[in-house]
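Report on one structure; see the data block that follows.
Both counts, for ligands and for their atoms, begin at 1 and track the order of listing. Starting from 1, each residue takes its place in the sequence as its number.
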Amino acid sequence: MRFERQREDMVRQQIEARGITDPAVLAAMRKVPRHLFVSEALRDQAYGDYPLPIGEQQTISQPYIVAEMTQALALSPEDRVLEIGTGSGYQAAVLAEIAFRVYTIERIYPLYTRARKLFDQLRYHNIVMRYGDGTAGWAEEAPFDAIIVTAGAPRIPRVLVDQLAMGGRLVLPVGDQYTQDLIKVYRDENGLHQVNLGGCRFVKLVGEHGWKP
Ligand code: SAH
């Protein structure tokens, strides 16, 4: 199987080689068929070390950044996770392999419907979707054990921090529209803490608590 071979090489050369060690993350990336999350024309490039276009001027993140952000969330099997920016659905599928349930929000309708079909086909029954602006989170389902924002925010939306459970982790890119830092915020008995995980580059988070449309 051509894609299985490419997927194994991706995990070894791009992910393990760069220091990702969480066994659940490595197992999920070995399992999710990334080539099905891009258009047929791009399938042969799906396991390459770069982001790819998914239409609507959006991108599926580079495999390594998906692994890095997922590892930073430190997920357990019982966790409920919120993702802002479904895009292709690939990151949500990786999360769904590890966590109990994934809530994901997308603001571009064609991407939302395409991901919805794919989750059905691949039987990801633990992914719940919503169409709309995700910058205010998902209050009805809060609090979350983990929140991941897969688009670049101008600042950390306070409303998302407020939807973190005790012990909860939020990972998001924060910066200007060209480059961002990957920031992790977590809540424990002593309050909120913030760690900078380094530079990254994402498309814009557009919405009420993001960049203005
Ligand atoms: N996690 C995705 C990455 C997609 S790129 C994947 O694995 O493919 C970022 C996505 O965030 C885009 O699809 C974009 O439309 C979406 N997005 C940007 N601002 C948003 C918002 N306010 N609410 C929901 N989705 C948003």
Side-chain angles (χ1 to χ4, degrees), residues 10 14-15 25 28-29 31-39 42-43 45-48 50-73 75 81-99 102-119 122 124 127-139 141 144 146-160 163 170-177 180 182 200-213:
M10 171 194 83
Q14 301 172 33
I15 301 187
V25 175
M29 307 250 343
K31 188 162 169 203
V32 179
R34 181 171 164 96
H35 59 282
L36 298 182
F37 292 82
V38 299
S39 66
L42 293 177
R43 244 154 233 182
Q45 289 167 261
Y47 295 96
Y50 34 72
L52 286 170
I54 55 171
E56 313 293 331
Q57 293 161 335
Q58 307 302 318
T59 54
I60 177 174
S61 304
Q62 176 192 15
Y64 175 75
I65 193 91
V66 173
E68 183 187 25
M69 291 177 88
T70 309
Q71 176 165 276
L73 290 175
L75 297 174
V81 186
L82 173 66
E83 179 194 31
I84 323 291
T86 314
S88 68
Y90 177 69
Q91 172 75 72
V94 169
L95 298 169
E97 291 287 345
I98 305 172
V102 178
Y103 299 84
T104 184
I105 310 176
E106 173 57 52
R107 69 180 286 274
I108 298 180
Y109 196 71
L111 297 178
Y112 162 81
T113 48
R114 199 198 297 155
R116 158 152 291 207
K117 279 189 204 129
L118 199 49
F119 295 151
L122 299 176
Y124 279 109
I127 301 179
V128 187
M129 296 188 76
R130 192 160 116 175
Y131 164 60
D133 175 12
T135 58
W138 194 325
E141 298 292 348
F144 297 96
I147 302 177
I148 177 172
V149 183
T150 61
R155 69 198 77 81
I156 302 172
R158 179 70 213 190
V159 53
L160 293 184
Q163 290 181 21
L170 163 66
V171 174
L172 80 171
V174 182
D176 62 31
Q177 47 181 302
Q180 304 91 31
L182 201 56
C200 58
R201 191 183 157 88
F202 278 82
V203 296
K204 276 204 257 179
L205 180 74
V206 179
E208 188 188 351
H209 303 281
W211 296 96
K212 297 301 166 220

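- The protein non-hydrogen atom at the shortest distance from atom 25 (N) of ligand 1 is Arg107 N, 3.4 Å.
- Inclusion of Leu111 in the set of residues having an N or O under 3.5 Å from an N or O of ligand 1 is not warranted.
- A heavy-atom separation below 4.0 Å is not found between Ala92 and ligand 1.
- Between the side chains of Thr70 and Gln91, at least one donor N or O sits under 3.5 Å from an acceptor N or O.
- Protein heavy atom closest to atom 23 (N) of ligand 1, with residue, atom name and distance, is Gly134 N, 2.8 Å.
- Separation of atoms CG (Leu205) and CD (Gln177) is listed at 13.0 Å; rounding is to 0.5 Å.
- Atoms of ligand 1 lying under 4.0 Å from at least one heavy atom of Gly132, given by number and element, are 23 (N), 24 (C).
- Proximity to Ile105 (heavy-atom distance under 4.0 Å) selects the following atoms of ligand 1: 24 (C), 25 (N).
- Residue Leu205 touches ligand 1 through backbone and side chain together, judged by heavy-atom distances below 4.0 Å.
- The closest donor-acceptor contact from the side chain of Glu106 to the backbone of Gly87 lies under 3.5 Å.
- Here is the list of ligand 1 atoms found below 4.0 Å of a heavy atom in Ile108: 15 (O).
- For the pair Arg43 (side chain) and Val38 (backbone), a donor-acceptor distance under 3.5 Å is present.
- Among protein heavy atoms, atom 6 (C) of ligand 1 sits closest to Ser88 OG, 3.4 Å.
- Counting heavy atoms of neighbouring residues, nucleotides and ligands inside a 6.0 Å radius, atom OH of Tyr50 exceeds 12 of them.
- Polar contact check, Gly85 against ligand 1: a nitrogen or oxygen pair lies under 3.5 Å apart.
- Heavy atoms of Gln58 found under 4.0 angstrom from ligand 1 belong exclusively to the side chain.
- Nearest to atom 2 (C) of ligand 1 by heavy atom, out of Val38, Ile54, Ile148, Thr86, is Thr86.
- Of all the heavy atoms of Val203, the ones lying under 4.0 Å from any atom of ligand 1 belong exclusively to the side chain.
- A donor-acceptor contact shorter than 3.5 Å links the side chain of Tyr47 to the backbone of His35.
- Within 6.0 Å of atom NZ in Lys117, 12 or fewer heavy atoms from other residues, nucleotides or ligands are found, so the atom counts as exposed in its surroundings.
- A side-chain donor-acceptor contact under 3.5 Å links Arg114 to the backbone of Ile54.
- Nearest to atom 15 (O) of ligand 1 by heavy atom, out of Gln91, Glu106, Met69, is Glu106.
- The two atoms that bring Tyr112 and Arg130 nearest to each other are CE1-C, 3.7 Å, heavy atoms only.
- Thr150 contributes a side-chain N or O that, together with a main-chain N or O of Ile84, makes up a donor-acceptor pair within less than 3.5 Å.
- Shown in contact with Ile84 at under 4.0 Å from a heavy atom are these atoms of ligand 1, numbered in order with element: 23 (N), 24 (C).
- Considering Glu208, Glu83, Gln57 only, the shortest heavy-atom separation from atom 1 (N) of ligand 1 involves Glu83.
- Among all protein heavy atoms, the one lying closest to atom 4 (C) of ligand 1 is Thr59 O, 3.1 Å.
- Gln163 places no side-chain N or O within 3.5 Å of a backbone atom of Glu141 that could act as its donor or acceptor partner.
- Note: Phe37 and Tyr90 have perpendicular aromatic rings, judged against thresholds of 30 and 60 degrees for the angle between ring planes.
- The part of Lys204 lying near ligand 1 is the backbone, judged by heavy-atom distances below 4.0 Å.
- Within the set Thr150, Val206, Ile60, Ile65, the minimum heavy-atom distance to atom 19 (N) of ligand 1 is found for Val206.
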